[in-house]
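Okay, structure first, notes after.
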There are 2 protein chains.
Amino acid sequence: MVENDEFDLQDFLPYLLNQAAEESSLAFQKIYKDRYGMLRTDWRVLFHLGIYGEMTAKEIGLRASIHKTKISRSVQRLAEKRFLQRTRDAADRRSEKLVLTAAGEAAYRDLRSVAQEYDAQLLASFSEEDAVALRRMLRRLAKRA
Amino acid sequence: MVENDEFDLQDFLPYLLNQAAEESSLAFQKIYKDRYGMLRTDWRVLFHLGIYGEMTAKEIGLRASIHKTKISRSVQRLAEKRFLQRTRDAADRRSEKLVLTAAGEAAYRDLRSVAQEYDAQLLASFSEEDAVALRRMLRRLAKRA
DNA sequence: CGTTGTTAGTTACAGAATCAACTACTACCT
DNA sequence: AGGTAGTAGTTGATTCTGTAACTAACAACG
């Protein structure tokens with residue numbers, strides 16, 4: 001019995017968002033993976049440090065809604081690759097200040113320019129109003145409850 | 001040196017899409033996980049069979065862009081839970097026809113109604129035009145190249 | 001100070017994703 | 001028919017993720 005239900009999976013927003021997110025991440029993923037052997041969390045951590053400068057793991061986690069174990073492992077990987085420098089905070093010795101090294105900065109700037117081009121390309125077929133509206137709505141949906 | 005770059009992570013579409021996708025999937029995930037012990041791929045497979053009726057693993061994978069190993073393991077889990085029935089295709093004995101059992105149908109209908117409510121709730125704060133535009137743009141982004 | 005509670009970050013273990021190799025079968029070509 | 005190539009689906013090795021338990025450090029209250 002092949003009945004075509006009234007429900008369309010393509011209209012279910014979480015599904016649609018995931019498909020769009022996955023598809024739109026593919027080409028960028030290939031680049032940070034091939035070029036620097038990074039994972040998704042790695043480039044996010046890298047970008048946070050590149051954009052905001054010195055931060056602690058905790059702060060990155062709060063800003064990006066990434067779980068602390070993911071951050072912890074990502075920081076380890078990035079430190080092994082000499083992309084960041086860890087320094088224990090003298091004021092609170094539980095936490096560490098994280099800063100990009102020169103190599104980390106270089107990787108960040110490289111990937112940032114890739115991201116900018118890629119973003120423009122993704123939005124190229126939309127009008128300016130559409131692009132603005134899309135970002136606005138996505139930001140609303142992304143807001144942590 | 002905490003310099004605020006010209007680059008805003010929140011404007012990078014793949015990042016924004018991922019954040020929105022993750023956030024908007026959370027509550028739904030909790031339900032299919034708590035109620036049926038399912039994973040993301042599991043409910044997707046279930047929905048495909050619920051909506052389109054009998055399909056092969058291959059067909060589901062094509063439609064949903066899910067890798068065949070994920071499907072294979074998901075089908076195993078769903079079969080163990082007696083949510084679907086596997087039958088070797090007589091015409092091509094490499095592939096199997098997959099059909100939901102009564103229990104599978106029930107789970108599908110239950111989750112479908114949850115999904116419908118949830119979707120309406122997610123879009124409640126958007127105007128009708130915005131909702132339409134959002135879906136249109138997401139579908140465009142989700143199109144496999 | 002000392003006990004109790006909390007926080008930053010790490011680690012252990014189990015479950016899940018990934019990629020490549022594999023089995024079983026079909027299709028084509030001669 | 002026989003050989004080669006291709007396809008549907010599974011399995012295994014490795015890596016990644018998620019949860020919970022852990023360590024080390026701070027805070028607050030007596």
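The figures that follow rest on heavy atoms only: side chains count, while hydrogens, waters and symmetry mates do not. Numbered from 1 within each chain, the chains take letters A, B, ... in sequence-line order.
Counting non-hydrogen atoms under 4.0 angstrom, A:Arg86 reaches the backbone sugars and phosphates but no base. At the heavy-atom level, A:Leu39 lies under 4.0 Å from the strands shown only through sugar-phosphate atoms.
Distance CG (B:Leu62) to P (D:dG9): 10 Å, rounded to an integer number of Å. As a whole-Å value, the separation of A:Met38 CE from D:dC16 P is 14 Å. Atom C1' of nucleotide D:dC16 and atom CD1 of A:Ile71 are separated by 15 Å, given to the nearest angstrom. Taking atom CZ on A:Arg40 and atom P on D:dT17, their separation rounds to 8 Å, with Å as the unit. When rounded to the nearest whole Å, the span between CD1 of B:Ile66 and P of D:dA8 equals 16 Å. When the C1' atom of D:dG9 is taken as reference, atom NZ of B:Lys70 falls 17 Å away, rounded to whole Å. Between the CE atom of B:Met55 and the C1' atom of D:dA8 there is a distance of 15 Å, rounded to whole Å. Atoms CG (B:Asp34) and P (D:dG18) sit 16 Å apart, rounded to a whole Å.
Remark: the backbone N or O of A:Gln116 is not paired with any side-chain donor or acceptor of A:Asp119 at under 3.5 angstrom. With B:Ser74 contributing its side chain and B:Lys70 its backbone, the two residues share no donor-acceptor pair below 3.5 Å. At distances below 3.5 Å, at least one donor-acceptor pair connects side-chain atoms of A:Arg135 with backbone N or O atoms of B:Asp11. A donor-acceptor pair under 3.5 Å is formed between the side chain of A:Arg140 and the backbone N or O of B:Ser125. Judged by distance alone, the side chain of B:Tyr118 and the main-chain N or O of B:Ser24 form a donor-acceptor pair under 3.5 Å. The backbone N or O of A:Ala106 lies less than 3.5 Å from no partner atom in the side chain of A:Asp110, so there is not a single donor-acceptor pair. In this structure, B:Arg86 contributes its side chain and B:Lys97 its backbone to no donor-acceptor pair below 3.5 Å.
Each of A:Glu96 and A:Lys33 has a nearest nucleotide on DNA chain C; the 5'-most of these lies closest to A:Glu96.
A:Tyr52 is not listed as a side-chain neighbour of A:Glu59, based on a closest heavy-atom distance of 4.5 Å or more.
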Checking B:Phe12 against A:Phe28 for the ring-ring contact (aromatic ring centres under 6.0 Å, His included) test, could you report, in this order, the C-alpha distance in whole Å, the side-chain angles of both residues, the deciding distance, and whether it holds?
CA-CA 11 Å; B:Phe12 184 41; A:Phe28 185 58; 5.0 Å; yes
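Note that the first and last nucleotides of DNA chain C, 5' to 3', having any atom under 4.0 angstrom from a heavy atom of chain B are C:dA16 to C:dT26.
Surrounding CZ of A:Arg139 are more than 12 heavy atoms belonging to other residues, nucleotides or ligands, all under 6.0 Å away.
By the 30° and 60° cut-offs, the orientation of the rings of A:Trp43 relative to A:Phe47 is perpendicular.
Judged by distance alone, the side chains of B:Thr56 and B:Asp89 never bring a donor and an acceptor atom under 3.5 Å apart.
Side-chain N/O atoms of B:Lys58 include one lying less than 4.0 angstrom from OP1 or OP2 on D:dA8.
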When you compare the protein's N or O atoms with those of nucleotides 24-26 of chain D, which come within less than 3.5 Å of each other, and at what distance?
unit_1, atom_1, unit_2, atom_2, d
D:dC26, OP1, A:Arg93, N, 2.9

Distances for protein N/O vs nucleotides 11-14 of chain D N/O pairs under 3.5 angstrom?
unit_1, atom_1, unit_2, atom_2, d
D:dT11, OP2, B:Gln76, NE2, 3.1
D:dG12, N7, B:Arg73, NH2, 3.1
D:dG12, O6, B:Arg73, NH1, 3.1
D:dG12, O6, B:Arg73, NH2, 2.9

